[in-house]
Amino acid sequence: MDDFSVTDSNRIVLSSDHAAIPLRQAIARHVAAQGWDVVDIGPTTPESTPYPRHGEAAARLVAAGDCRLGIILCGTGQGIMMAANKVKGIRCGVCADTFSARMIREHNDANMLSIGARVVGEGLALAIADAFLAAEFEGGRHATRVEMIAALEG
Ligand code: RB5
């Protein structure tokens with residue numbers, strides 16, 4: 001993992017709906033053990049709860065700068081990703097492989113990662129989180145494209 005300067009935050013928010021609680025908690029333990037300052041905003045009880053609420057809550061912490069990055073989960077990873085991407089300034093991709101998890105940071109400057117708890121097992125999910133957190137945005141020609149995404153926000 002990168003060394004952070006005193007001005008860089010290593011705070012990361014985790015959130016999910018009811019479909020992904022054990023996997024979210026496993027990821028939280030895993031990344032906390034690497035030194036990330038984990039803000040796990042739940043939920044912790046298994047009642048059905050709508051993924052847009054949890055995607056939005058995590059996305060607002062990232063968009064406000066309270067957290068540097070976010071990892072969110074639902075059954076497929078898709079619905080919570082769609083909700084997070086509605087928040088201005090959020091670039092969230094769903095990943096079920098480590099290559100994509102690295103590339104959404106390097107090329108797309110993704111600030112949030114979404115994982116489907118009914119799609120990938122724990123071992124792969126931890127490797128996906130590792131690939132996402134280890135990567136850095138490359139800038140250059142990719143910066144222009146990311147700026148084009150921002151320009152689409154109404
Ligand atoms: C909940 O059953 C499920 O719809 C949700 O976790 C997610 O997969 C939606 O995208």
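The figures here come from the full heavy-atom set of this structure, side chains too, leaving out hydrogens, waters and symmetry mates. Order of listing sets the numbers, starting from 1, for every ligand and every atom in it.
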Set of residues that line ligand 1, where lining means a heavy atom lies under 4.0 Å from it: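 For ligand 1, the residues that come within the 4.0 Å heavy-atom cutoff are Asp17, His18, Ala19, Tyr51, Cys74, Gly75, Thr76, Gly79, Arg118.
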
Just one of Val13, Leu14, Asn10 clears the side chain to side chain contact (heavy atoms under 4.5 Å, CB included) bar with Val38, so which one?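 The passing option is Leu14.
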
Test side chain to side chain contact (heavy atoms under 4.5 Å, CB included) applied to Ile12 and Leu133, Ile27, Asp37, the passing residue: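 Result for side chain to side chain contact (heavy atoms under 4.5 Å, CB included) with Ile12: Leu133.
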
Test side chain to side chain donor-acceptor pair (under 3.5 Å) applied to Thr49 and His54, step by step: CA-CA 8 Å; Thr49 182; His54 303 285; 2.7 Å; yes

Exam field: side chain Asn108 to backbone Ala110, donor-acceptor pair closer than 3.5 Å: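 No: the side chain of Asn108 does not pair with the backbone of Ala110.
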
Does the distance from a Lys or Arg side-chain N to an Asp or Glu carboxylate O, for Glu136 and Arg68, drop under 4.0 Å?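 Salt bridge: yes.
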
Ion pair present between Arg24 and Asp40, side-chain N to carboxylate O less than 4.0 angstrom?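 Judged by the 4.0 Å cut-off on N to carboxylate O distance, Arg24 and Asp40 do form a salt bridge.
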
